[in-house]
Amino acid sequence: MLLRSRVALITAAIVAVAIAAISTVTYLSTEHSLRTQLDETLLGGWPPPGEGDPSVPKPGLEDLCRRSTPGRPLQRFLEGVQLLKADGTVCAPPGVDSVVVDPADLAARTVTLRDGHTRSGTPVRVLLGPFSDGNVLVISRSLAEVDSTLAGLRTILIAVSVLGALLAAAAGLLLTRRTLRPMARLTGAAEEIARTHDLDLPVTVSGRDEVGRLGRAFAAMTGALADSRRRQRALVTDAAHELRTPLTSLRTNIDLLARSEHTGRALADGDRGRLLDRLQAQAGELGDLVTELVVLARDEHEFDHADVAMGTVVRHAVRRASSRARKHTFDVRSAEWHVCGDEGALERMVLNLLDNAIKFAPAGSAVTVRSEPGLVSVADEGPGVAATDRTSAFDRFWRAPEARSLPGSGLGLAIVADIAAAHGGYARFEDPPSGRGALAVVRVPPAVVAGSPLPPGIRD
């Protein structure tokens, strides 16, 4: 059963129960009111008019009982009146449909009301009024009008209950269909995306209710998935293009080495040594490229979310960079501050900034590193980055024209930008204070700032 059908059925059931409860209360209240009015009418006729004190015997009624059939006006007046005598006999006017009485009614000592019926089977309400001589006056009123009124009311209430339930079901079905129409569109879009695998299909759901929120969340999810797929495809395409060059070079050099071995024409010692050096460098370059591709392929959700001391991260990164850049000095000033993130990724981010500075800084120059709450900067004394290239420098596989002859894959700064973005920050080039070289700045939100800036760092 569809959701809208279930909602309509439940709505109809609830409304039907509510109407049935109200109808039952109405019916019982009406019945009680009508019977109370009838009882008050019967009690208003006791004692009989002109009879005085009911404790005194009344021979007049017995005389009426002994008469022959009375006239019609007198018969209507005496309708429903009879006398239950102490000896158990019943005295009723001739021609009157008398009430069936029980000799046990003689035991009544007070005025009593009860249900009964006449000899013809008509239901009546009976008042038993005892006299002091042992006789009991019986006054009755027909319940036919009460029962007829209640039967009509019962029919109306049943019809109203059924009609109300049907109207509630129809209204519930209409309202749920209208309410769930955005849900139906959302479901259709999800089914179409599952069938075509096209995450760019538009999902149009408006409104500020729960369905609208679900639609916006679904659209945001598909948008994020589509963006992730585009980035993955771009990474695979770029990686395939970048891997083709080192692989081709490796294959060429290996083929040359293998051909010299197969033909017996050994290479000169100098040529062979240079060839092996090139193979070793190309293999290292290919390994570095694969490592950087693996880092770029990581999703930001795969990073840890731990408390990381950036002072320690910067010192470790400078130590690693200085071990392979013996011709450069490092001017480090680092404060103790903390970031919520992945320590390994943050260290690679700083190390890539340092490697980029080392690559372009002339030998013997200094690389300046500054770390303070919310900021890490690396400055060098190299040629710098043109203002028009400062944004493109963080794109994947982008390399400046003058740097294409240098080793590298063009992924280092892209990794810096990705790691900074994954930690809620950004990376960019700014104008260096000295007016020369390049100044790369990474800003990430600090978590807990601990301590104060330390004295100047190591100088190698």
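Bear in mind the structure is a predicted one, so any value in this text is a computation, not a measurement.
- Contact annotation: the side chain of Asn352 never approaches that of Leu413 to less than 4.5 Å [non-hydrogen atoms, C-beta and beyond].
- Contact check for Val25 versus Ser23: no side-chain heavy atoms found under the 4.5 Å cut-off.
- Pairing each heavy atom of Arg320 with each of Ser323, the nearest pair is O-OG, 2.6 Å.
- Across every non-hydrogen atom of Val308 and Glu343, the tightest pair is CG2-N, 3.8 Å.
- Taking CD of Glu347 as the reference point, atom CD1 of Ile419 lies at 10.5 Å (rounded to 0.5 Å).
- Atom OG of Ser142 and atom CZ of Arg125 lie 13.0 Å apart (nearest 0.5 Å).
- Counting heavy atoms from C-beta on, the side chains of Val444 and Trp337 come closer than 4.5 Å.
- The minimum heavy-atom distance linking Ala440 with Leu353 is given by the pair CB-CD2, 3.8 Å.
- The only member of Val126, Leu83, Leu84, Val136 that meets side-chain contact (heavy atoms from CB on, under 4.5 Å) when paired with Val101 is Leu84.
- Residues Leu250 and Ala283 share a closest heavy-atom pair of CD2-N, 4.1 Å.
- By the side-chain hydrogen bond (donor to acceptor under 3.5 Å, both in side chains) test, Arg390 is found to be paired with Asp431, residues two or more places apart in sequence or in another chain being considered.
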Starting from the C-alpha separation in whole Å, work towards a yes-or-no answer on salt bridge (Lys or Arg N to Asp or Glu O under 4.0 Å) for Glu430 and Arg370. CA-CA 14 Å; Glu430 297 182 355; Arg370 297 290 182 265; over 6 Å; no

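- A heavy-atom distance below 4.5 Å is not found between the side chains of Leu127 and Val138.
- Atom CZ of Arg35 and atom CG of Leu143 lie 5.0 Å apart (nearest 0.5 Å).
- The shortest distance between side-chain heavy atoms of Thr110 and Pro130 does not fall below 4.5 Å.
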Audit row: Val441, Leu439, side-chain contact (heavy atoms from CB on, under 4.5 Å) steps and yes/no: CA-CA 6 Å; Val441 175; Leu439 174 62; 3.9 Å; yes

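- Between the side chain of Gln82 and the backbone N or O of Val99, at least one donor-acceptor pair lies under 3.5 Å.
- In this structure, the side chains of Met349 and Val442 come closer than 4.5 Å at one or more pairs of heavy atoms.
- Side chains of Asp355 and Lys359 form no contact here, defined as non-hydrogen atoms less than 4.5 Å apart.
- Checking side-chain atoms of Ser392 against main-chain N and O of Asp389 turns up no donor-acceptor pair under 3.5 Å.
- Distance check: Ile193 CD1 to Met221 CE gives 7.5 Å after rounding to the nearest 0.5 Å.
- Contact record, Ala427 with Ala420: N-CB, 4.3 Å, taken as the closest heavy-atom pair.
- Panel note: side chain Thr11, backbone Val7; a donor-acceptor pair is recorded below 3.5 Å.
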Per-pair distances, 0.1 Å, donor-acceptor, side chain in residues 146-160, under 3.5 Å, sequence neighbours excluded:
from	atom 1	to	atom 2	distance (Å)
Thr149	OG1	Glu145	O	2.9
Arg154	NH1	Tyr27	OH	2.7
Thr155	OG1	Ala151	O	3.0

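- With a 6.0 Å radius and a threshold of 12 heavy atoms from other residues, nucleotides or ligands, Arg213 has its CZ atom at or below the threshold.
- In this structure, His316 NE2 and Leu346 CG are separated by 13.0 Å, a value rounded to the nearest 0.5 Å.
- Panel note: side chain Ser371, backbone Val369; no donor-acceptor pair is recorded below 3.5 Å.
- Atom CD of Glu191 sits about 10.0 Å away from atom CG of Leu186, to the nearest 0.5 Å.
- A side-chain contact (heavy atoms from CB on, under 4.5 Å) with Leu354 is found for one member of Val314, Val367, Asp380 and no other, namely Val367.
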Would you check, one step at a time, whether the test side-chain contact (heavy atoms from CB on, under 4.5 Å) holds for Phe330 with Ile358? CA-CA 10 Å; Phe330 293 87; Ile358 293 169; 3.8 Å; yes

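- Here the side chain of Asp342 pairs a donor or acceptor atom with the backbone of Ala345 at under 3.5 angstrom.
- For the side chain to side chain contact (heavy atoms under 4.5 Å, CB included) test, residues two or more places apart in sequence or in another chain that qualify with Tyr426 are Arg428, Arg443.
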Is there a side-chain contact (heavy atoms from CB on, under 4.5 Å) between Val378 and Thr368? Walk through the geometry before answering. CA-CA 6 Å; Val378 176; Thr368 304; over 6 Å; no

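- Within the 4.5 Å cutoff, side-chain heavy atoms of Leu137 are placed close to those of Val81.
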Verdict with reasoning, His117 to Val100, per side-chain contact (heavy atoms from CB on, under 4.5 Å): CA-CA 6 Å; His117 60 88; Val100 176; 3.8 Å; yes

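- No donor-acceptor pair closer than 3.5 Å links the side chain of Ser33 to the backbone N or O of Ser29.
- Between Gly172 and Ala8, the closest heavy-atom pair is C-CB, 4.0 Å.
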